[in-house]
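We're numbering straight along the sequence, starting at 1.
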Amino acid sequence: MGLKDEAVTANEPNDEEELVDPMETLKDRCKDDAHCTKCKDELQRCTERVESKKNTTETCAQELYEFVHCVDHCVSKDLFKHLK
């Protein structure tokens with residue numbers, strides 16, 4: 001077995017458990033948080049309004065920013081508890 005073969009062997013997957021990103025788990029939970037749900041609902045209403053019009057300059061950027069900010073703020077409260 002040459003050096004090239006050893007490198008391939010070292011990179012093969014092993015039997016360890018697949019790691020789950022705690023941030024993704026927290027994001028999913030925070031999207032359903034009471035305050036973030038209000039932002040998500042407002043974003044949905046805006047999206048439906050914009051999609052129903054054929055010609056509009058309205059965007060839902062502000063609603064999206066508010067929703068993302070809400071989720072990020074919620075995640076930041078608990079994320080570092082999960083990091084080693």
Side-chain angles (χ1 to χ4, degrees):
M1 189 156 151
L3 236 45
K4 187 176 179 181
D5 295 332
E6 289 175 19
V8 172
T9 305
N11 291 330
E12 289 179 4
N14 52 26
D15 294 332
E16 290 184 23
E17 219 176 279
E18 186 175 328
L19 298 176
V20 176
D21 185 355
M23 189 165 127
E24 294 304 318
T25 304
L26 290 170
K27 277 185 178 181
D28 289 341
R29 189 192 78 210
C30 287
K31 287 177 183 177
D32 295 328
D33 177 69
H35 180 69
C36 293
T37 300
K38 291 178 185 177
C39 294
K40 184 168 75 172
D41 291 344
E42 184 60 35
L43 175 60
Q44 183 63 37
R45 282 192 295 276
C46 180
T47 302
E48 289 171 359
R49 185 173 58 249
V50 168
E51 288 177 349
S52 71
K53 298 177 182 177
K54 291 186 180 194
N55 189 12
T56 184
T57 58
E58 181 182 12
T59 66
C60 298
Q62 186 62 40
E63 290 82 356
L64 177 61
Y65 296 146
E66 290 173 7
F67 176 63
V68 170
H69 174 75
C70 182
V71 172
D72 286 346
H73 181 74
C74 177
V75 167
S76 70
K77 295 177 191 176
D78 295 324
L79 180 61
F80 292 102
K81 295 175 189 174
H82 298 277
L83 300 178
K84 293 182 182 180

Check this for me: does any side-chain nitrogen of one of [X] and [Y] sit under 4.0 Å from a carboxylate oxygen of the other?
X	Y	answer
Glu42	Arg45	yes
Asp41	Lys38	no
Asp32	Lys40	yes

Approximate separation, where rounding is to 0.5 Å, of [X] [atom1] and [Y] [atom2]:
X	Y	atom1	atom2	value
Asp72	Phe67	CG	CZ	10.0 Å
Asp33	Cys74	CG	SG	4.5 Å
His69	Leu64	NE2	CG	13.0 Å
Lys31	Leu26	NZ	CG	12.0 Å

When you measure from the SG of Cys36 to the SG of Cys70, is the result less than 2.5 Å?
yes

Answer yes or no: is there a side-chain heavy-atom contact under 4.5 Å between Val50 and Thr59?
no

Flag the pair Glu51 / Thr47 as yes when at least one side-chain heavy-atom distance between them is below 4.5 Å, and no otherwise.
yes

In one Ile/Leu/Val/Met/Phe/Trp/Tyr side-chain cluster, 4.5 Å: Val75, Val68:
yes

Using the rule side chain to side chain contact (heavy atoms under 4.5 Å, CB included), only one of Lys27, His35, Glu66 pairs with Val71; which is it?
Lys27

Would Asp78 and Arg29 count as a salt bridge (charged side-chain N to carboxylate O under 4.0 Å, His left out) here? Give the steps.
CA-CA 11 Å; Asp78 295 324; Arg29 189 192 78 210; 2.9 Å; yes

Are any side-chain N or O atoms of Thr56 and backbone N or O atoms of Lys53, one a donor and one an acceptor, separated by less than 3.5 Å?
no

